[in-house]
Asks: 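Pasting in a structure now, in structure tokens, and then I'll have a few things to ask.
Protein chains get the first letters and strands the later ones, always in sequence-line order, with residue 1 at the start of each.
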There are 2 protein chains.
Amino acid sequence: MLIISMLVNSKPAFEFTLENLVRDNNEMPGHLARRFQQIAVAVFLAEVEAAGFDLTPVQYAALAAIKMNPGIDQVTLAGLIAYDRTTITGVVDRLVQKGLLVRHASPRDRRARELQITEAGKRTLRAITPAVEAAQRLMLRGLTEKEGAELMRLLRKAIAAGNELSRAPLRAAELR
Amino acid sequence: MLIISMLVNSKPAFEFTLENLVRDNNEMPGHLARRFQQIAVAVFLAEVEAAGFDLTPVQYAALAAIKMNPGIDQVTLAGLIAYDRTTITGVVDRLVQKGLLVRHASPRDRRARELQITEAGKRTLRAITPAVEAAQRLMLRGLTEKEGAELMRLLRKAIAAGNELSRAPLRAAELR
DNA sequence: ACGTATTGATCAGCATGCTGATTATCAGTA
DNA sequence: TACTGATAATCAGCATGCTGATCAATACGT
């Protein structure tokens, strides 16, 4: 913010008052995280829409996870892709609405709902995959291949260390 | 999930069934972006609440930007911190509600609202800064100092390349 | 000066993502 | 068996974050 005026009139007479102790956004990992995520979502939606589909990143992740784990219940699904459990309800609702999933009571536990992907869901997933892959490449387009790999490594490492700090930590699926 | 085994042992004896075409989340920069952002927000809120305040990351960023740029209008503010312009309305509403900002019509352009931080806003910003700094460190706690710096560099680079891809790109403030 | 295009702010509507509560069900124990 | 605690799903409520529309005001070209 002040940095900008610094750049504009490049005055070295820069007063380090209390105001200036607020670090520039570019030095805040939290801000960078928000911006990168913002761009990632925009790129994902643009690519998917260009391919003729209407799926959000979250819906895609849920659909893919359910395809990989037929009959999974919602809590396990949430842990698998690190969502909040209350968010899952709405996401699954919308996927069911679109006919990509079916949800029915578990015979083993009447509290739980088992999730199954439909044929339409499988077709959608299959058809959408190239767009999703393109989006993943596009959001790293400013980086070399090496840098992209390093960014992912560092993100994975930071995430692993902070996993338990959010309400929706990643939880490996247990066989039931 | 299965691509990983490919990368790890780079065995060509890998069946490319349809299921396997869905890459593992950990190989998806979009997923990693969401997880890191999720943790960053949780850490921010926890630190700020522990310090006795009730401010979201977005509210903090807006407040800090307004303090740095008194009298800024909402569109310029949005560009400065890369928000969507429609999101700003609600954020500013809540900051005004809390008494941390005042919003009044600009004499130069009656469409625009000039934003000013209040004394209470300044006090809040001053008091909250240690918690914000702590949060920024905490979200990188799994990384060495060098790795943290590299992560930020790579994020900045990727963001710069993707800046125009979101609806809310960063826009340097112009002097008016 | 006039008509048109643009711009600042807001709104309706929708989808995450969270906190905290509730309901139904299950599991373990006295 | 009856009680107690835990668990799966959902809900209300709130804050981002987006699309697309509207309204008032400004800027611009002729």
Side-chain angles (χ1 to χ4, degrees), chain A residues 30 33-35 37-46 49 54-62 72-79 81-98 103-115 165-169 171 176, chain B residues 33-35 37-46 49 54-62 72-79 81-98 103-115 165-169 171 174 176:
Chain A
R34 185 181 68 82
R35 283 288 289 138
Q37 151 78 354
Q38 183 182 43
I39 290 167
V41 171
V43 167
F44 183 100
L45 293 175
E49 189 192 346
D54 174 33
L55 263 198
T56 66
V58 175
Q59 289 168 12
Y60 169 80
I72 195 174
D73 66 286
Q74 296 185 186
V75 166
T76 309
L77 171 62
I81 47 187
Y83 291 10
D84 189 276
R85 68 185 188 282
T86 62
T87 303
I88 284 288
T89 300
V91 173
V92 169
D93 276 350
R94 287 178 282 276
L95 287 171
V96 169
Q97 189 68 31
K98 290 177 181 176
R103 169 169 50 184
H104 50 73
S106 165
R108 285 168 300 180
D109 183 342
R110 280 187 300 165
R111 293 169 303 180
R113 312 299 184 87
E114 289 188 352
L115 305 173
L165 299 180
S166 79
R167 166 159 154 173
R171 303 250 181 252
R176 308 192 169 202
Chain B
R34 186 182 67 83
R35 285 288 290 137
Q37 150 78 354
Q38 183 182 43
I39 290 167
V41 171
V43 167
F44 183 99
L45 292 175
E49 189 192 346
D54 173 34
L55 263 199
T56 66
V58 176
Q59 289 167 13
Y60 169 80
I72 194 174
D73 67 286
Q74 295 184 188
V75 166
T76 308
L77 171 63
I81 49 188
Y83 292 10
D84 188 276
R85 66 183 191 283
T86 62
T87 303
I88 283 289
T89 299
V91 173
V92 168
D93 276 351
R94 286 179 282 276
L95 287 171
V96 169
Q97 189 67 32
K98 290 177 181 176
R103 169 168 50 182
H104 50 71
S106 163
R108 284 168 299 180
D109 184 339
R110 282 185 300 166
R111 290 170 303 182
R113 311 300 184 86
E114 290 187 353
L115 305 173
L165 299 180
S166 80
R167 166 159 154 173
R171 303 253 181 250
E174 289 156 27
R176 305 192 172 201

Asks: Measure the distance from CD on Q37(A) to P on dG17(D) and round it to the nearest whole Å.
Replies: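 After rounding, the reported distance stands at 9 Å.
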Asks: Can you check the Q59(B) CD to dT16(D) C1' distance for me, whole Å?
Replies: 10 Å
Asks: Send over the distance from D84(B) CG to dA9(C) P, rounded to a whole Å.
Replies: 13 Å
Asks: Under 4.0 Å: is that the gap between some side-chain N or O of T89(A) and OP1 or OP2 of dA9(D)?
Replies: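 No.
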Asks: I'd like to know if the side chain of Y60(B) reaches the main chain of F44(B), judged simply by a donor and an acceptor atom lying under 3.5 Å from each other, with no hydrogens or angles considered.
Replies: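 No, Y60(B) side chain to F44(B) backbone: no donor-acceptor pair under 3.5 Å.
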Asks: Answer yes or no: does a side-chain N or O of Q38(A) lie under 4.0 Å from OP1 or OP2 of dT16(D)?
Replies: no
Asks: Measure CG/D93(B) against P/dT16(D) and give the value in whole Å, please.
Replies: 10 Å
Asks: Rounded to whole angstrom units, what separation is found between the CD1 atom of I72(A) and the C1' atom of dA9(D)?
Replies: 15 Å
Asks: R94(A) has a side chain; which of dC11(C), dA15(C), dG8(C) sits nearest to it?
Replies: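 The nucleotide sitting nearest to the side chain is dA15(C).
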Asks: How far apart are the closest heavy atoms of S106(A) and E114(A), and which atoms are they?
Replies: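 Reported closest heavy-atom pair: OG-OE2, 3.5 Å.
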Asks: Counting heavy atoms from C-beta on, name the nucleotide in dC11(C), dG17(D), dT10(D) closest to the side chain of R85(A).
Replies: dT10(D)
Asks: With sequence neighbours left out, what residues match R110(B) under salt bridge (Lys or Arg N to Asp or Glu O under 4.0 Å)?
Replies: none
Asks: Report the distance from atom CG of D73(A) to atom P of dT10(D), rounded to the nearest whole Å.
Replies: 11 Å
Asks: On DNA chain C, compare the nucleotides closest to I88(B) and V58(A); which residue's is nearer the 5' end?
Replies: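 Upstream on the strand: I88(B).
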Asks: Where do N or O atoms of nucleotides 23-29 of chain C meet protein N or O atoms at under 3.5 Å, pair by pair?
Replies:
unit_1: dT25(C); atom_1: O2; unit_2: R111(A); atom_2: NH1; d: 3.1
unit_1: dC26(C); atom_1: OP1; unit_2: R110(A); atom_2: N; d: 3.0
unit_1: dC26(C); atom_1: OP2; unit_2: R110(A); atom_2: NH2; d: 3.4

Asks: State, to 0.1 Å, how close A40(A) and A33(B) come at their nearest heavy-atom pair, and which atoms those are.
Replies: CB-CB, 4.4 Å
Asks: Within the 4.0 Å heavy-atom criterion, would you say T56(B) contacts the bases, only the backbone, or no part of the nucleic acid?
Replies: sugar-phosphate
Asks: V41(A): which residues meet the side-chain contact (heavy atoms from CB on, under 4.5 Å) condition with it, sequence neighbours left out?
Replies: Q37(A), L45(A), P57(A)
Asks: By nearest atom, which of the nucleotides dG17(D), dC18(C), dA9(C) is closest to the T87(B) side chain?
Replies: dG17(D)
Asks: Just the rounded figure in Å: distance from C1' of dC18(D) to CZ of F44(A).
Replies: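 Distance, rounded to whole Å: 15 Å.
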Asks: For residues I81(B) and A62(B), report the shortest heavy-atom separation together with the two atoms involved.
Replies: CD1-CA, 3.8 Å
Asks: Name the nucleic acid region contacted by V41(A), choosing base, sugar-phosphate or nothing; use a 4.0 angstrom heavy-atom cut-off, strictly under.
Replies: nothing
Asks: I'd like to check the salt bridge (Lys or Arg N to Asp or Glu O under 4.0 Å) partners of R94(B); sequence neighbours left out, ordered by chain and number.
Replies: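 Salt bridge (Lys or Arg N to Asp or Glu O under 4.0 Å) list for R94(B), sorted by chain: empty.
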Asks: Would you say R103(B) places a side-chain N or O within less than 4.0 Å of OP1 or OP2 belonging to dT10(C)?
Replies: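 So the side chain of R103(B) is within the cut-off, an N or O lying under 4.0 Å from OP1 or OP2 of dT10(C).
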Asks: Can you name the side-chain contact (heavy atoms from CB on, under 4.5 Å) partners of T89(B), sequence neighbours left out?
Replies: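 Testing T89(B) for side-chain contact (heavy atoms from CB on, under 4.5 Å), a comparison that skips the adjacent residues, returns Q74(B), D93(B).
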Asks: Of the options dA9(C), dT16(D), dA9(D), whose atoms approach the side-chain atoms of Q74(B) most closely?
Replies: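 So the side chain of Q74(B) is nearest to dA9(C).
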Asks: Tell me: CG of L55(A) to C1' of dC14(C), nearest whole Å?
Replies: 15 Å
